[in-house]
*Asks:* 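Take this structure first; my questions come after.
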Amino acid sequence: MSAWTVTLADGRALRRFLTAGAFFLRKYRQVVNDLNVFPVPDGDTGSNMYLTVRGALLEVRKRHSGGLAEAAAAAAMGSLMGARGNSGVIISQMLRGFAHSVRHKQTLETFDFAVALRDGVAAARAALLKPVEGTIISVAQAAADAAYRLALRERDFYHLIAGMVKQAHDALERTPEQLPVLKEAGVVDAGGMGFVYFFEGILRFLPGNIARTTAFPRRPQRSAVFSAAQRVDEHRFCTEFVLEESRCDDRTLRAELEPLGESLLVVGGEGVLKVHIHTDEPERVSAAAAAFGRVTRLKVDNMERQHNVMVVERPSKPWGVVAAVPGAGFAEIYRDLGTEVVLRADSRSGISVRDVVLACNSALEPVVYLLPNDPNLLLVAREAAELVRGREVRVVSTRNPAHGVGVLFALGARGHEQPDVDELEAAAGSIAVGSVFLAGKDATFGGISISRGEPTGLAGSEMLTEATVDETVVAVVRRIGGEEGGLLTLYYGGVQKERDAERLAQRLRTESARLEVQYYYGGQPSSEYVISLER
């Protein structure tokens with residue numbers, strides 16, 4: 001065994017597994033998107049997988065004191081309601097099968113975990129009308145089988161998951177030989193790669209793992225992956241919805257919808273069914289389902305249009321995003337989350353009204369959401385919005401880059417809809433934020449005296465200070481409600497390095513069992529940490 005061993009997994013461990021896996025899926029989702037050629041080349045598999053896992057994590061977070069069985073059930077329900085695309089629905093079924101397997105357990109040893117993984121893959125296979133080898137199913141099956149074999153003699157989760165990842169990677173490398181369309185495009189399966197990333201993330205955050213980077217990603221050139229030969233000629237609309245208060249089971253609804261398209265998945269139970277289908281008649285599909293219950297969360301995407309965008313066109317949607325960010329890391333995060341034009345607020349010259357007008361004019365969409373992410377830029381943003389011609393500019397009053405991230409998630413969840421500014425500002429307002437910086441001069445604020453170079457924290461409008469940067473971060477986290485639990489994100493910048501953020505994240509996890517902590521490079525020069533808390 002390794003010097004650090006994890007031999008039992010409980011509800012808290014499952015939450016951390018989901019957090020770590022989601023971290024890697026978010027980090028590499030564009031790489032997975034660029035590999036996406038099957039079942040259709042629409043370039044969204046990575047995003048779909050990440051949003052599905054994030055839905056599971058958000059639901060688990062609501063049950064702070066829940067044991068393993070309750071956490072697994074919450075993950076299954078959260079992933080079902082948040083599932084996007086073929087890959088997302090398959091993941092939700094894996095989590096559902098896993099939850100069913102552990103429904104009477106509060107802790108797992110490696111063998112229990114391996115059995116539950118196999119049950120999860122079996123549940124996903126059962127949900128597919130025609131399981132296709134060379135996809136995420138093949139990779140997940142290889143991983144589950146490897147886990148089962150290893151668990152017969154291995155009690156340490158680190159070694160178990162390390163062995164799983166190796167076998168999953170080998171299976172991933174075989175996918176082009178199993179699926180001709182992958183071989184033609186020169187790529188491995190996107191869903192399978194997303195699955196490997198998820199478990200790579202878990203492995204990366206297990207105690208005893210000193211690996212700093214993953215062997216992935218392989219980064220294909222998009223022009224080499226997509227071609228005119230990979231077309232979406234029929235069943236052009238990816239249609240997804242949830243059927244609530246359903247008066248039928250999954251088999252009945254599957255039989256009703258099967259003649260209307262392909263890539264059909266109907267999953268769930270207990271009055272809630274999730275449907276995914278590729279069809280040319282989305283209205284007919286939703287009407288047929290409505291006869292058995294209440295259709296909610298309906299989403300229809302034109303995959304032919306998506307494919308054309310990936311091959312020859314600029315993205316086309318009814319809205320674009322322009323955002324000001326304070327560092328290189330934030331710029332990358334914002335681009336990954338769909339921001340079309342990013343302005344760097346940390347440049348020496350700052351951001352002028354003219355800069356913002358030019359940025360908004362460079363967006364092609366008829367509606368532009370403008371995120372200033374700084375109270376000092378709000379007036380600049382509003383002045384610029386009045387000067388832009390030919391498109392509608394909607395200023396969302398984000399005062400912090402972490403608030404802007406919340407807005408981007410809210411926009412992504414709405415697909416091609418155009419949410420009101422009030423709705424987006426409410427999404428930003430639901431996130432508690434803080435920051436820690438080194439004071440630039442001696443000052444007194446709110447009765448607190450601060451010396452130049454001293455670690456200083458802001459929790460809302462409240463200022464505080466402690467002896468060290470780490471202590472100040474801990475104090476800010478407590479002040480914004482971290483002791484009540486939630487998903488805490490640290491964006492490090494200033495003089496902080498990844499090792500500093502990792503050490504601090506581990507301390508926060510240890511001090512609060514209710515807190516799930518992740519960290520990203522923000523690169524902001526003016527603060528050591530930007531902090532956000534989602535409940």
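Predicted model, so just to flag it, every value in this text is computed and none were measured. The analysis underlying the following values was restricted to heavy atoms, covering all of them including side chains, and did not include hydrogens, waters or symmetry mates.
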*Asks:* Determine whether the side chains of Thr252 and Asp249 contain a donor N or O and an acceptor N or O closer than 3.5 Å.
*Replies:*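 Result is yes, a qualifying pair exists.
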*Asks:* Ignoring hydrogens and geometry beyond distance, is a side-chain donor-acceptor pair present between Thr398 and Asn373 at under 3.5 Å?
*Replies:*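 Note: Thr398 and Asn373 side chains meet the donor-acceptor criterion.
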*Asks:* Tell me if a side-chain donor or acceptor on Thr107 pairs with a main-chain N or O of Leu8 at a distance below 3.5 Å.
*Replies:*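 No; zero donor-acceptor contacts below 3.5 Å.
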*Asks:* Quick one: which of Arg155, Arg103, Arg118, Lys105 gives a salt bridge (charged side-chain N to carboxylate O under 4.0 Å, His left out) with Asp112?
*Replies:*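 Option passing the salt bridge (charged side-chain N to carboxylate O under 4.0 Å, His left out) with Asp112: Lys105.
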*Asks:* Quick one: does any side-chain atom of Asp500 pair with a main-chain N or O of Lys497 as donor and acceptor, under 3.5 Å?
*Replies:*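 Pair found, side chain donor or acceptor close to backbone of Lys497.
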*Asks:* Do Ser527 side-chain atoms and Ser435 backbone N/O form a donor-acceptor pair below 3.5 Å?
*Replies:*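 Answer holds: no.
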*Asks:* Taking the inter-plane angle between the rings of Phe113 and Phe98 on a 0 to 90° scale, is it parallel (under 30°), tilted (30 to 60°) or perpendicular (over 60°)?
*Replies:*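 Phe113 and Phe98: perpendicular rings.
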*Asks:* How many angstroms lie between CD in Glu528 and CG in Asp470, if you round to the nearest 0.5 Å?
*Replies:*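 Here the rounded value is 10.5 Å.
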*Asks:* Is atom CD of Glu425 surrounded by more than 12 heavy atoms (other residues, nucleotides or ligands) closer than 6.0 Å?
*Replies:*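 Yes - once you tally the heavy atoms of other residues, nucleotides and ligands closer than 6.0 Å, there are more than 12.
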*Asks:* Check whether any side-chain N or O of Arg509 sits under 3.5 Å from a backbone N or O of Val517 as a donor-acceptor pair, and report yes or no.
*Replies:*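 Such a contact is found between Arg509 side chain and Val517 backbone.
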*Asks:* Under the 3.5 angstrom rule, does the side chain of Ser512 hit a backbone N or O of Leu508 as a donor-acceptor pair?
*Replies:*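 No, because the side chain of Ser512 does not come within donor-acceptor range (under 3.5 Å) of the backbone of Leu508.
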*Asks:* Mind telling me whether Phe199 and Phe195 have parallel, tilted or perpendicular rings, with 30° and 60° as the class edges?
*Replies:*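 Tilted, since the angle between the ring planes falls between 30° and 60°.
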*Asks:* Hey, can you tell me if Tyr50 and Phe409 have their rings parallel, tilted or perpendicular (30° and 60° cut-offs)?
*Replies:*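 Geometry flag for Phe409 against Tyr50: tilted rings.
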*Asks:* State whether the side chain of Gln106 and the backbone N or O of Leu68 hold a donor-acceptor pair below 3.5 Å, judged by distance alone.
*Replies:*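 Yes, because the side chain of Gln106 sits within donor-acceptor range (under 3.5 Å) of the backbone of Leu68.
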*Asks:* Answer with yes or no whether the side chains of Asp189 and Thr175 bring together a donor and an acceptor at under 3.5 Å.
*Replies:*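 No - no donor-acceptor pair under 3.5 Å links their side chains.
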*Asks:* Using modelled atom types only, decide if a donor and an acceptor are shared between the side chain of Thr472 and the backbone of Thr465 within a distance under 3.5 Å.
*Replies:*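 Side chain of Thr472 to backbone of Thr465: no pair is present.
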*Asks:* Quick check against the 3.5 Å criterion: does Asp156 have a side-chain atom that pairs as donor or acceptor with the backbone of Tyr158?
*Replies:*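 Judged by distance alone, yes, a pair lies under 3.5 Å.
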*Asks:* Less than 4.0 Å between a side-chain N and a carboxylate O, is that true for Arg174 and Asp170?
*Replies:*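 Looking at Arg174 together with Asp170, the answer is no, because their closest N to O distance does not fall below 4.0 Å.
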*Asks:* Measure the acute angle between the ring planes of Phe111 and Tyr148, then classify it against the limits of 30° and 60° as parallel, tilted or perpendicular.
*Replies:*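 Tilted: the ring planes of Phe111 and Tyr148 meet at 30° to 60°.
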*Asks:* Output yes when Arg125 and Glu133 qualify as a salt bridge under the 4.0 Å nitrogen-oxygen rule, no when they do not.
*Replies:*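 Looking at Glu133 together with Arg125, the answer is yes, because their closest N to O distance falls below 4.0 Å.
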*Asks:* Sort out for me which residue in Tyr529, Tyr521, Phe330 forms a ring pair (Phe, Tyr, Trp, His ring centres under 6.0 Å) with Tyr492.
*Replies:*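 That would be Tyr521.
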